[in-house]
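Side-chain atoms are counted along with the backbone in the values below, which use heavy atoms only and exclude waters and symmetry mates.
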Protein chains: 2
Amino acid sequence: MDSNDSPPRRLTRAETKARTRTLLLDAAAQEFARKGFAGASVDDIAERAGFSVGALYSNFAKKEDLFLELLAGRSGHQLAEAAQIVADQDSSVQERRQALGRLLVAAADKDVDLAPLQAEFWLYAVRRPEIQEQLSSQFRTTRDTLAESLAAWARDRGRPGDLPLDALSTVVLALFQGLVQLRRTDPALVPESLYGTALGWLLTGITALTEESS
Amino acid sequence: MDSNDSPPRRLTRAETKARTRTLLLDAAAQEFARKGFAGASVDDIAERAGFSVGALYSNFAKKEDLFLELLAGRSGHQLAEAAQIVADQDSSVQERRQALGRLLVAAADKDVDLAPLQAEFWLYAVRRPEIQEQLSSQFRTTRDTLAESLAAWARDRGRPGDLPLDALSTVVLALFQGLVQLRRTDPALVPESLYGTALGWLLTGITALTEESS
DNA sequence: GTCTATAAGACGATAGAC
DNA sequence: GTCTATCGTCTTATAGAC
């Protein structure tokens, strides 16, 4: 089984192959984000990764497989982060809002490829019903994580039970994605503070209306 | 000038050409929505419109021109409609919310090509800075229409001046777009009533917080 | 103004050397 | 496992008949 754990060894064959796969996936993510699934060529992907097309096809049977592996593996991590910020009980409400604003800005500005790639995933899934379930299960997971964080927030405020968490977390998720896209089109339209502010409106409103009807 | 207004005439040459252009644009919209800009072929577009490629190229110099004309001409009409619903002072608050929910559902479900086509526009604009301004000016127009409607709503409720209308209308716009995309991925995630409900939370919250700080 | 036919090139995917 | 070279297909765009 080639049990070689000694440190100064270069790289296992399995490791180099795994590294090649990762490099190809990274390159594919960039090309798909910049040119779209149909617009990106396997040639450009291979070249960006520093390999030839032959090496690519020895690791992935079809161009589509690269896309599907990205779709399966890289999603929604930034919103799980958002949920943790909301759930962080040590920070003040104002701190949380600022942190969320920064997160939105980071998602929209810093990782320039993220939002286009996710839009590309969405389009791909919308066009192929057999993939749709995969994407919607990711959305449900993100929403559920978000719902837990919002439940923690509600407990903090002493009003535990009666919040419509599914609806609220869906709205928070949709708002986040919508604002990221708007900011990407025109940063002036979506200042850094807006997401936190909007969350404040939502949570204040839902609290008032939920109290009122009980 | 060929001033022919008599009824039983077939069609002017200019009219047939305009009709051809329209048919080609309709077909292009469907193909771009279903396969993307890069994925759609001029052949399929021409065939769907009932013409040949030659006829297409006699009306549009490049495939890109079809896309750009669609991008310039068909946008945001459904949200202008939303704004009118919000502004309609004859209907009750509950009626407005139901109407908005129906509008969201219509945008997400009925016109199956609309949301994918707009996503395609967005990706195209994000990838070409020279187009970005065109899209963001459309967003600003939609937002401003929305802001007027919300101002009317605020006047109705007797609290005219002190609402952050730009911020609020941006949030409403982002929420709408985010929910449409989520509903397209999984209808169970976004029930028809959610948009109206979320608007209720937002407006209640913003009213409470704006009062509080004054 | 619309057609058919074709030019010129890019594409995804494969074969065989190393 | 990665390379280079190539195959066959599909693409956009053009040319010339009608």
Side-chain angles (χ1 to χ4, degrees), chain A residues 1-2 4 9-71 120 123-124 127-128, chain B residues 2 4 9-71 120 124 127-128:
Chain A
M1 280 300 178
D2 195 64
N4 194 323
R9 237 290 195 90
R10 296 289 196 91
L11 236 57
T12 314
R13 269 144 301 182
E15 282 172 339
T16 55
K17 171 149 193 191
R19 206 181 81 94
T20 301
R21 276 183 66 92
T22 305
L23 288 172
L24 283 167
L25 282 171
D26 288 345
Q30 286 187 44
E31 288 293 321
F32 288 145
R34 297 204 209 305
K35 303 176 190 168
F37 174 68
S41 75
V42 288
D43 227 328
D44 290 343
I45 294 173
E47 190 183 1
R48 180 182 289 274
F51 298 96
S52 63
V53 267
L56 188 152
Y57 276 101
S58 123
N59 284 277
F60 299 90
K62 301 178 316 220
K63 174 184 169 183
E64 195 182 22
D65 290 357
L66 275 162
F67 192 76
L68 290 176
E69 190 148 327
L70 288 171
L71 172 56
E120 206 65 44
L123 278 168
Y124 191 88
R127 286 164 185 161
R128 327 219 173 177
Chain B
D2 197 64
N4 193 324
R9 236 292 193 87
R10 296 288 196 91
L11 237 59
T12 315
R13 270 144 301 183
E15 283 172 338
T16 54
K17 171 149 194 189
R19 208 182 80 95
T20 301
R21 275 183 66 90
T22 306
L23 288 172
L24 284 167
L25 282 170
D26 287 346
Q30 286 187 43
E31 289 293 320
F32 288 146
R34 296 202 207 309
K35 302 175 190 168
F37 174 68
S41 76
V42 288
D43 226 328
D44 291 343
I45 293 173
E47 189 183 0
R48 180 181 288 276
F51 299 95
S52 65
V53 268
L56 188 153
Y57 276 101
S58 126
N59 284 276
F60 299 91
K62 304 181 313 233
K63 172 184 168 183
E64 194 182 22
D65 290 355
L66 275 162
F67 192 76
L68 290 176
E69 191 149 326
L70 288 171
L71 172 57
E120 207 65 43
Y124 192 89
R127 288 164 184 158
R128 330 223 172 174

Quiz item: Can you name the salt bridge (Lys or Arg N to Asp or Glu O under 4.0 Å) partners of B:Arg19, sequence neighbours left out?
Solution: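 For B:Arg19, no residue satisfies salt bridge (Lys or Arg N to Asp or Glu O under 4.0 Å) once neighbours in sequence are set aside.
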Expected list for residues 49-56 of chain B: side-chain donor-acceptor pairs under 3.5 angstrom, two or more places apart:
none

Exercise. State which residues pass side-chain hydrogen bond (donor to acceptor under 3.5 Å, both in side chains) with B:Glu120; sequence neighbours excluded, sorted by chain then number.
Key: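 Applying side-chain hydrogen bond (donor to acceptor under 3.5 Å, both in side chains) to B:Glu120 gives A:Arg127.
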Quiz prompt | Qualifying residues under ring pair (Phe, Tyr, Trp, His ring centres under 6.0 Å), relative to B:Phe67, sequence neighbours excluded | solution =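 Result, ring pair (Phe, Tyr, Trp, His ring centres under 6.0 Å) vs B:Phe67: B:Phe32, B:Phe37, B:Phe121, B:Tyr124.
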Quiz item: Which nucleotide of DNA chain C is the first, and which the last, in the 5' to 3' direction, to come under 4.0 Å of a heavy atom belonging to chain A?
Solution: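 Terminal contacting nucleotides, 5' to 3': C:dC11 to C:dT14.
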Quiz item: Is the backbone N or O of B:Asp44 less than 3.5 Å from a side-chain atom of B:Ser41, with the two atoms forming a donor-acceptor pair by type?
Solution: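 Between the backbone of B:Asp44 and the side chain of B:Ser41 there is a qualifying donor-acceptor contact (under 3.5 Å).
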Self-check item: Pairwise side-chain contact, A:Lys62 with A:Asp65, heavy-atom cut-off 4.5 Å (strictly under)
Solution: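 Side-chain contact under 4.5 Å: yes.
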Self-check item: Note: B:Lys63-B:Glu31 ion pair, threshold 4.0 Å (strictly below)
Solution: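 Salt bridge: no.
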Mind listing the N/O atom pairs, protein and nucleotides 11-15 of chain D, below 3.5 Å?
from   : atom 1 : to      : atom 2 : distance (Å)
D:dT12 : OP1    : B:Ala40 : O      : 3.2
D:dT12 : OP1    : B:Val42 : N      : 3.3
D:dT12 : OP1    : B:Lys63 : NZ     : 3.2
D:dT12 : OP2    : B:Val42 : N      : 3.1
D:dA13 : OP2    : B:Tyr57 : OH     : 2.7
D:dA13 : OP2    : B:Lys63 : N      : 3.1

